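Heavy atoms only: backbone and side chains are in, while hydrogens, waters and symmetry mates are out. Everything quoted here is computed from the prediction, not taken from an experiment. Chain A is the first sequence line, chain B the second, and so forth, proteins listed ahead of strands; every chain is numbered from 1.
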Amino acid sequence: MTDMTAPADSLPLVRFEAITKHFGGTVALAGVTFEVRHGETLGLLGSNGAGKSTLIKILSGMQPQTGGDILIEGVPQTLDSPVDARDCGIVTVHQNIDDGVVFGMTVAENLVLDNLSVAGGNPWMPYGRVRRQAAAILEELDFDLPLDVPVEQLSASGRQEVSIARALVKKPKLLILDEPTSTLSARESERLFERVAAMQARGIAILYVSHRMSDIQRLCHRAVVLRNGQVVSNHDAPLDARAITVSILGEIALAPAFESRTGRETVLSGEGLRVSRHGPAFDVSFRRGEIVGLTGLVGAGKTELLEQFYGARPLVSGKLELLGQPFEPRDQPDALAHGIAMVPEERAAQSIFPGEQLTTHASIGRLDRFSTAGIMQRSEEVAFARKVISDFHVRCPGHEAPIEALSGGNQQKLLVGRWLADEREVMILDEPFRGIDIGARSVIAKALRAYSENTAVIVCSSDPEEVIEVADRVLVMRDGEIVCDIASSEISAEQLADIMSAAPPSQAHPTTMETNSVH
Amino acid sequence: QEGVPATISASATDEVPAKFAEKNVRIAVVRQLNTGDVYQNWIAGIESEADRLGIKLDVYNADGENAKQALFLQQAVATKPDAIIVGWGFVDSLAPGLEAAKAANIPVITFDVGAQPSDDFVTIDQGDKPMMAGILEKLKEDLGGGDIKGDVIYVYVPGYQALDRRDTVWREFIAENPGLNLVAQIGVVNSNTAAQTADQARAAMTANPDVVAIVAPYDEFAKGASLAVGELGRQSKTKVYGMDISTADIAVMVGENSPWVVTATTDMVNVGAVILRTTAAKIAGQLEGNTLSITPAVITQAELRDAKVQNVEELRKAFSALTTPEVSRAPWMDAVE
Amino acid sequence: MSTDIQSSPAERATPYSKDAITHFIYRYGLLVVLALMIVVFSIAHPFFGTFANAMFILQASAIVAVVGLGCTISMTVGGFDLAVGATMSLVVMVAAGAMVIYGFSGPVAILLGLAAGLLAGLLNAMLIVYARIPDLVATLAAQFLVSGTTLLAVNGQSISEGMSLGTTSATGTFAPIFKWLGSGYVFGVHSSVIVAGLVFLAVFALLNLTKWGRIFYAIGGNPVAAAAVGIPVRRYRIIAYLLSGLLSAVAGLLLVARSNRGDVSVGDAYLLQAVSAALVGYAVLGANRANAFGTLIGAVFVATLINGLTMFNFPYYAQTFVQGLLLGVALLMSYTLGPKSKR
Amino acid sequence: MSTDIQSSPAERATPYSKDAITHFIYRYGLLVVLALMIVVFSIAHPFFGTFANAMFILQASAIVAVVGLGCTISMTVGGFDLAVGATMSLVVMVAAGAMVIYGFSGPVAILLGLAAGLLAGLLNAMLIVYARIPDLVATLAAQFLVSGTTLLAVNGQSISEGMSLGTTSATGTFAPIFKWLGSGYVFGVHSSVIVAGLVFLAVFALLNLTKWGRIFYAIGGNPVAAAAVGIPVRRYRIIAYLLSGLLSAVAGLLLVARSNRGDVSVGDAYLLQAVSAALVGYAVLGANRANAFGTLIGAVFVATLINGLTMFNFPYYAQTFVQGLLLGVALLMSYTLGPKSKR
Ligand SMILES: Nc1ncnc2c1ncn2[C@@H]1O[C@H](COP(=O)(O)OP(=O)(O)OP(=O)(O)O)[C@@H](O)[C@H]1O
Ligand SMILES: Nc1ncnc2c1ncn2[C@@H]1O[C@H](COP(=O)(O)OP(=O)(O)OP(=O)(O)O)[C@@H](O)[C@H]1O
Ligand SMILES: [Mg+2]
Ligand SMILES: [Mg+2]
């Protein structure tokens, strides 16, 4: 663990004074007061919708507060724009990764975006110069990214790396990281942690938002917990995971330990499957009445495999059988018609209809049930939306609110919850716990257990802990191959992590996973 | 049905008709085309004459759309004016409105609508056929008369009434003169006709270096053709036979080394005035007959140069044939004040 | 500096602000301007406010409204149909040619016209959905192809009763149903207004009341997400362009019925008018997206203005300016005075 | 397969690897069609391949290219300028009027013309950036306003040397510089081609070689991200529309120099042509976004085709079809044979 003694300084770097934020009738922040000191790493925690992202948007100049003051080194500041924040030494890597990169431009161009906004200087910027500057940035930060690839072709974590690199190169006094590891694998998280440590060593303060207790414990000198838009507790190192969890949730209502099941008849099986044309072939099968956890590092090929089941990607090789019948989905509608559904991993890009109501988001996949002869039956639709909202504790201003009014985690709860209303043969969830707090995770896990009674459920996550917590059986994917198939009761998260990364004994794996998890 | 040439039946001693004396006359003008000098001059002729006679005008502009003009005509009928002037357009489209006007007993005067003469309305046109014949005669003369020979380019776009009428004369002409070799037919009509005609003409002339004449029976065509000839430096070889005239056209025709050697035209301001007077006479019940063709003038480049005219106003003064103040004039029209 | 990023879509989409008047103007800006226009014109000119004139206004907007509703449908799936004008021209020529040259009956001519419209829509759809050409570019190419086909088929000539066909003349005539479409009335309402009204009701119901409308808007909002919830995105995009083609065909039939002749590029002028109506419609009732009611209002707005200005003998060259000015004011009311997306 | 994010995306990012021919066609589809066209025409007709004819083709594309480059700039910031045609008309009238009616000198007329173009661009920018009206809707309103202003200012009349001004005649004449712009040559290259070439080089350099160009594309790609890194998004969007107005003005000046007169709606036809050029340009070199080189090729493509077809005496009514067909083929090559991951 990192050195836990924060450098002391008389005036705090940032002080929030009774910050409030209202969205129409919704009170997102109800008077938040705390401070970030020079050079410390402060964890900001709270359940979904507690107000973390909102506070960060205010501090980074993306949104104005409704009331209260922000004091930077003792001086009240109006942060009207990201530039103002930057001028005060504050830079942010936001939760929604795609808000930070420009699609259609290469990685190099994305890396030098900030240089572009600097007034003055040499306006001459042929691509060669862009590339040199970008290479210098990567060199300086010791990042490794392909320069000439359009940024949209990077995986989510690659795009996040771009954002982080851009943030670091500004030499901030305060770096804000909003759920940075939610898309990273253990190994990549490790790389991030090393960077954080390096920054700590240079005296950069960090405001670190996360639902992952292990991250917080490992990195943070202090932690602040938000609940319902208010600070409910302050914690100093050594951080007590249990106390923090209680503080976050109000009480602990975690999923009870469950009996590992073995499932019944095989619903979906595949022989000779591959994730890429030249990759290794493997077989898989999924049974009714069990939850299979699919884990592996980011980029191991999990999504590529699952998308083949769902018709979102053509079958690379081999054959699939559904209920004993040969099966090859043409496209997603075809897969759905055969009883296979999938919740995709990238929320903003793959699930959100901008500006549309929660009701629309809830009902869009099953409009047939809310229409007679094509005519929508509004009341039934609303009833369904309300049910999902209450079943999954979605915090929202109402079912007619636009989806953007929800916090990231609450969006996720709605978008996962809506799928669990119909019975299917196979239900695939790709990274369903992304950005979801511990409480909500257990709500969803419980729902999934009930749902899996009559359905084969596949839960994909690059976090072995999440998988262990919810799955009956675990598959580990490595470099496009299934390398491990085991009952979850017979393996621990640490062991899974080792299999995932398959650190050869000679090259010692840098991490021993911190496992100060709550359960 | 044969058309009966329109004449005025009023005598010098007739009083100013009561309606006109009371300045209680309202005429609707429904025109298909409105953007461009020709149409601007046409309406100006109508307006100034209407002013003089104390007539109120309602002008409907259809922006070149037949359906819109058809609707406007019906709308004009519904407002019950004393008469309706229809400028350009097609009888096919205008039929329902014309019938409605007939049913409502509103006299209709059409200009360049291409209608067969009928008792239901008065047809006026600007003599497209004589105009075309006039410039072709000059072409024949320039080529030495008799069995003329040579490569020619013809500019034409079907679907425009005036152009279609001119085209019938052209087709007869080319059939009668087998020595003429039609190497290319080009044409485009849009809001930038001249420049695009020039592009086409240039390509056609480049492909056919021996062209002696471009027959361009519309001033935008003629301007484009002249531009192309100038750009290729072929002025000594290739002549342009154009039609219509505006101030800008005059500048092109009298310009140094201009290939545009002849034009045939009426003065649209005069045409407008004649139409208005004819309409007024019709309202006064003093118009006999149902068809009127306004005689065009054929004007050569040399004549223009000699007269040193610069714009249409000066042209009007120099070529009295363009102005026909006596056509459709009733004596009382001078007495209105 | 403050930038647009401060307006989260959420804030924009919830105009339930305190200030009721601002909110009213935001939602009703265009309707208010339209109503004011009607009141002022009616007071100033006795004929303006008559039933007959109201019918003329509706008649003048009928064709634009029908094409505009077609554009609206393609816009809901996030597309844009530049080929509607060319399609109208094609349908005009097909229907006129069917009757005048080939002597087909009215119903056959109508069916052929609708089929031509659907074919043009299909061409669009194929280029976009299967050839994966971006909408604007694809419909641009389709525009050339459809126009070109029309021109080729008739050698660039117009079609009218008794036209010459080489040695003979065409003997066919416009069928009675077209005469009715062109100048028939039901209870004093012009047939084209009735057709446009029915089209409006159908499109309004489709977009606002049915699941298909939901699906269209969902695809327009995020096609990837739509596919992820199992919507057959391609099929619906094809349908949208087919409907756009079909409505262009209906508009073409109304047009040919009114003009009783076929000119090769007669529909071209309607592209801009239809797109204008649909875009103006964005602002109606604070929808901020293509919608059926807005498009109807957009079409009626322009027709009313031109009707009024003509009645007051505004010279044609002043009408454009007034049109721009009123449009500007209406848009300012809707977008600028709308819920502040800034502090 | 490595789990390092560096290697795997690269694998998918390079569609070049397996099928070099497909890739070639994808990038060069439009250029290949253009080259084929030139070869075929040159073989078939001796005059086509001459320097003189090449100049004519360039001359025919010069004006479209200049306006198209303006459109390209507004497209890079994610906008769309429907007002370019109206702006050209305005500039034509301003420049012609300045010389003919007010007797100003050529340079003054040019300055006034450019100023008029900038003003039109500013109007666009204000409606979009400050009044927060969506681009398409705003530029539509601007189009009406600009056209209306032009029409009003001259009462719908054309401007030409010696025109009558009530009682007198205009005495001003077109200045020598305009005569030169209209028909001057430098080393056998027409002045308008030179101007268009310079404009192209400037826009190409701006978009591809300067930080401003990267900022434009960044704003078009993701305005939120651009603002987040402190790019003054509004300012750059204003600049983009100003440049679009400025280039429309340059095109207008070329146009008035060519025709030596001013007609009120002479620029309108250029909107569609310019947008076409810019959209066709999307496909060039696999850019799949608005880009200067593509727009130039788009303009030249159409001009070459029309030049060739005219030379072969293709009837005008067949030209549109061929245009659509070739465009379709080129687009199919670029988009359909291109990397499948695009959509
Ligand atoms: N749209 C895309 N364009 C380019 N590369 C992609 C794309 N999607 C995935 N990849 C790459 O393909 C590889 C396999 O991706 P896949 O998403 O299947 O992995 P995964 O195991 O699900 O990891 P993740 O946790 O990132 O989803 C990764 O290296 C990823 O970067
Ligand atoms: N644009 C908005 N309009 C209305 N309400 C909003 C808006 N943005 C956020 N909220 C509300 O503000 C509250 C705080 O949201 P915030 O995004 O800050 O939560 P969070 O702590 O980041 O949650 P998560 O862990 O799920 O990301 C939530 O109740 C949310 O519904
Ligand atoms: Mg959050
Ligand atoms: Mg994945």
Engaged part of [X] at the chain D interface, taking heavy atoms whose separation is under 4.5 Å:
X: A:D98; answer: backbone
X: A:Y127; answer: both
X: A:V112; answer: neither

Quick one: which of A:R129, A:E109, A:H278, A:E481 has the most heavy-atom pairs under 4.5 Å with chain D, could you say?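 Top option by heavy-atom pairs under 4.5 Å: A:E109.
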
Greatest number of heavy atom pairs closer than 4.5 Å to chain D - which of A:G128, A:P123, A:G104: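 When all of A:G128, A:P123, A:G104 are compared, A:P123 has the most.
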
Keeping [X] on the side-chain end and [Y] on the backbone end, is there a donor-acceptor pair under 3.5 Å?
X: D:R214; Y: A:L116; result: no
X: D:N291; Y: D:G281; result: yes
X: D:T87; Y: D:S248; result: no

Residue, of D:A205, D:A218, D:G221, that accumulates the most heavy atom pairs under 4.5 Å with chain A: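 Of D:A205, D:A218, D:G221, D:A218 has the most heavy-atom pairs under 4.5 Å with chain A.
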
Part of D:R289 lying under 4.5 Å from any heavy atom of chain A: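 For D:R289, side-chain heavy atoms alone lie under 4.5 Å from chain A.
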
Let's go through D:D81 and D:N124 carefully: what are the C-alpha distance in whole Å and the side-chain angles of both, what is the deciding distance for side chain to side chain contact (heavy atoms under 4.5 Å, CB included) to 0.1 Å, and is it a yes or a no? CA-CA 8 Å; D:D81 192 347; D:N124 269 328; 3.2 Å; yes

Evaluate side chain to side chain donor-acceptor pair (under 3.5 Å) for D:T295 paired with D:T72, printing each intermediate quantity in order. CA-CA 7 Å; D:T295 303; D:T72 305; 2.7 Å; yes

Going from CG on D:L69 to CZ on D:F293, what distance comes out if it is rounded to the nearest 0.5 angstrom?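 Answer for the CG-CZ pair, D:L69 versus D:F293, is 12.0 Å.
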
